[in-house]
Amino acid sequence: MDASVTLMGVKGGPAIRPGSNMPTSILLRMGGKTILVDAGLGVTRGICDQGVTLTDIDMIFITHLHSDHYLELGPFFHTAWVAGLARKIPVIAPAGLAEYWHGFLSSMQFDIDLRITDEGRCDLESLAKLQTLKEGVIHSHDGLKVTAMRNIHPPIAESYALRFEASGKSVVLSGDTAFMDGMIEFADCADLLVHEAMLLPGVEALCARMTNGDERLRAHILRSHTSAEDVGRIARNARVKHLALNHFVPDGDPDFKESHWENAVRENWDGPLTLGKDSITLVL
């Protein structure tokens with residue numbers, strides 16, 4: 001089977017509105033494994049829409065603890081559990097995810113206990129095998145190698161990019177990050193680089209329409225994300241074979257069309273380019 005990457009959710013930020021995509025989640029099929037990276041709102045439905053049974057997920061990575069990257073992790077596990085999941089799935093995430101997981105279990109304790117006693121279900125808590133995500137090689141087994149690099153996403157310090165390698169193919173996922181020179185080396189000669197992107201005029205429009213935030217939102221976006229122009233520069237200097245954009249900021253704004261994104265990236269990148277959309281699959 002060919003390696004593939006499915007962008008199940010490409011919207012930057014947790015809010016959804018009419019016309020927007022869904023928050024971040026990515027499905028990789030590499031090295032004989034079916035891997036979920038991030039679990040934003042809609043991830044469970046997104047997996048099923050790809051024809052993948054929830055119980056067939058082999059590994060889960062959470063790049064950082066912003067809600068649009070892990071909000072639906074608990075509901076995914078609960079839904080997989082009632083669908084028949086009876087084996088542990090490694091969940092590799094920054095320190096702190098355990099608090100979320102135990103909080104989710106506590107919030108659903110009545111239902112979980114009821115299903116165990118009334119339906120004979122196995123223990124749910126043990127199905128998520130939590131492991132701490134750190135820099136360096138974090139998995140190297142059965143021909144699949146996964147390497148993590150800390151990126152720049154203040155105020156969150158534990159935020160990571162991931163590189164997956166199997167059968168001579170390589171995929172790099174930037175995670176949420178400001179521009180960093182280190183991404184060029186990390187993504188060197190990758191078959192596919194999936195990188196987040198923002199449009200600077202779009203950020204101004206987004207913040208102007210915000211009804212329950214202030215100048216701090218604008219400051220966060222600008223210091224924590226990468227402009228589309230700089231994404232093109234990274235792809236060019238890293239000599240990647242294919243560039244795909246995800247985690248669009250803004251997303252769903254009718255004033256900013258595909259041409260705006262492409263024109264910005266093309267200032268520095270003339271290679272193969274995919275503007276991500278929910279459910280799009282890229283075959284390596």
Side-chain angles (χ1 to χ4, degrees), residues 1-10 24-40 43-44 46-64 69-70 73 76-77 80 85 87-94 128-129 131 133-149 151 160-177 183 185-196 234-235 238-247 271-274 276-284:
M1 178 180 178
D2 291 332
S4 66
V5 177
T6 300
L7 306 179
M8 297 187 296
V10 301
T24 306
S25 60
I26 299 173
L27 190 69
L28 285 82
R29 282 163 274 204
M30 291 186 72
K33 301 290 186 183
T34 302
I35 304 163
L36 176 65
V37 179
D38 287 331
V43 66
T44 309
I47 293 169
C48 292
D49 286 347
Q50 295 306 312
V52 175
T53 302
L54 299 179
T55 55
D56 285 344
I57 297 296
D58 295 306
M59 305 173 70
I60 299 173
F61 293 86
I62 302 298
T63 59
H64 67 289
H69 295 259
Y70 75 108
L73 180 65
F76 159 78
F77 264 101
L85 182 66
R87 61 180 177 83
K88 296 181 179 180
I89 300 177
V91 181
I92 302 94
K129 184 180 179 181
Q131 302 173 29
L133 177 56
K134 297 180 179 179
E135 280 195 303
V137 177
I138 52 179
H139 178 89
S140 184
H141 189 65
D142 292 336
L144 174 66
K145 179 180 178 181
V146 186
T147 308
M149 178 186 68
N151 57 27
Y160 294 89
L162 299 170
R163 183 177 180 121
F164 296 83
E165 298 172 278
S167 302
K169 299 292 185 179
S170 55
V171 174
V172 172
L173 310 179
S174 74
D176 286 13
T177 183
M183 193 67 69
E185 181 178 356
F186 191 68
D188 185 53
C189 293
D191 291 281
L192 174 65
L193 169 61
V194 180
H195 204 295
E196 68 123 83
I234 290 168
R239 301 170 295 166
V240 303
K241 295 181 177 64
H242 191 154
L243 171 63
L245 303 190
N246 78 330
H247 199 276
L273 173 65
T274 297
K277 296 179 180 178
D278 286 3
S279 298
I280 191 170
T281 296
L282 304 171
V283 178
L284 277 65

Visitor: For the atom pair CG (Leu193) and NE2 (His242), what is the distance rounded to the nearest 0.5 Å?
Guide: 10.0 Å
Visitor: By the definition side-chain contact (heavy atoms from CB on, under 4.5 Å), identify the one residue from Asp56, Thr34, Leu54 that meets it with Ile47.
Guide: Leu54
Visitor: Carefully, step by step, assess Ile35 and Leu144 under the rule side chain to side chain contact (heavy atoms under 4.5 Å, CB included).
Guide: CA-CA 11 Å; Ile35 304 163; Leu144 174 66; 3.7 Å; yes
Visitor: Is a side-chain donor or acceptor of Asp191 paired with a backbone partner of Ser170 at a separation under 3.5 angstrom?
Guide: yes
Visitor: Which heavy-atom pair separates Ala244 from Leu282 by the least distance, and what is that distance?
Guide: CB-CD1, 3.8 Å
Visitor: Would you check if Ile57 and Phe76 make a side-chain contact, meaning some heavy-atom pair closer than 4.5 Å?
Guide: yes
Visitor: Side-chain contact test, heavy atoms from C-beta onward, threshold under 4.5 Å: evaluate it for Phe77 versus Ile60 and give yes or no.
Guide: yes
Visitor: So, do Lys33 and His141 sit near enough that their side-chain heavy atoms are less than 4.5 Å apart?
Guide: no
Visitor: Tell me, please, which residues at least two apart from Thr6 pass side-chain hydrogen bond (donor to acceptor under 3.5 Å, both in side chains).
Guide: Arg29, Thr281
Visitor: Can you confirm whether the side chains of His64 and Asn151 place a donor and an acceptor under 3.5 Å from each other?
Guide: no
Visitor: Look up atom CD in Gln131 and atom CD1 in Ile92, then write down how far apart they are to the nearest 0.5 Å.
Guide: 4.5 Å
Visitor: Quickly, which of Asp278, Leu245, Val194 forms a side-chain contact (heavy atoms from CB on, under 4.5 Å) with Leu7? Name it, please.
Guide: Val194
Visitor: Does any part of the side chain of Phe164, heavy atoms only, come nearer than 4.5 Å to the side chain of Val5, both counted from C-beta?
Guide: no
Visitor: Are the side chains of Asp58 and Arg87 in touch, meaning some heavy atoms are under 4.5 Å apart?
Guide: yes
Visitor: What's the spacing between Thr44 OG1 and Leu73 CG if we round to 0.5 Å?
Guide: 9.0 Å
Visitor: Does the side chain of Val37 come within less than 4.5 Å of Leu28's, by heavy atoms?
Guide: yes
Visitor: Let me see the working for His69 and His247 under side chain to side chain contact (heavy atoms under 4.5 Å, CB included), right down to the final yes or no.
Guide: CA-CA 10 Å; His69 295 259; His247 199 276; 3.7 Å; yes
Visitor: Return the minimal non-hydrogen interatomic distance between Ser174 and Ala161, and the atom names on each side.
Guide: O-CB, 3.4 Å
Visitor: Would you confirm whether Arg163, through its side chain, and Lys145, through its main-chain N or O, come within 3.5 Å as a donor-acceptor pair?
Guide: no
Visitor: What's the separation between atom CG in Leu173 and atom CG in Leu162, rounded to the nearest 0.5 Å?
Guide: 6.0 Å
Visitor: Check whether any side-chain heavy atom of Lys169 lies under 4.5 Å from a side-chain heavy atom of Leu192, and answer yes or no.
Guide: no
Visitor: For the residue pair Lys241 and Cys189, what are the closest heavy atoms and their distance?
Guide: NZ-O, 3.5 Å
Visitor: Between Leu133 and Ile62, does the side chain to side chain contact (heavy atoms under 4.5 Å, CB included) criterion hold? Intermediate values first, please.
Guide: CA-CA 8 Å; Leu133 177 56; Ile62 302 298; over 6 Å; no
Visitor: Any chance you could measure Thr147, atom OG1, to Ile138, atom CD1, to the nearest 0.5 Å?
Guide: 7.5 Å
Visitor: I'd like to know if the side chain of Asn246 and the backbone of Val10 have a donor-acceptor N/O pair within less than 3.5 Å.
Guide: no
Visitor: Looking only at heavy atoms, which two atoms of Ala148 and Tyr160 are closest? And how far apart?
Guide: CB-CD2, 4.2 Å
Visitor: What are the two closest non-hydrogen atoms of Ser4 and Leu284, and how far apart are they?
Guide: CA-CD1, 4.3 Å
Visitor: Yes or no on side chain to side chain contact (heavy atoms under 4.5 Å, CB included) for Glu185 and Met149, after CA distance, side-chain angles and deciding distance?
Guide: CA-CA 11 Å; Glu185 181 178 356; Met149 178 186 68; over 6 Å; no
Visitor: If you take all heavy atoms of Pro94 and Thr63, which pair is closest and at what distance?
Guide: CG-O, 3.8 Å
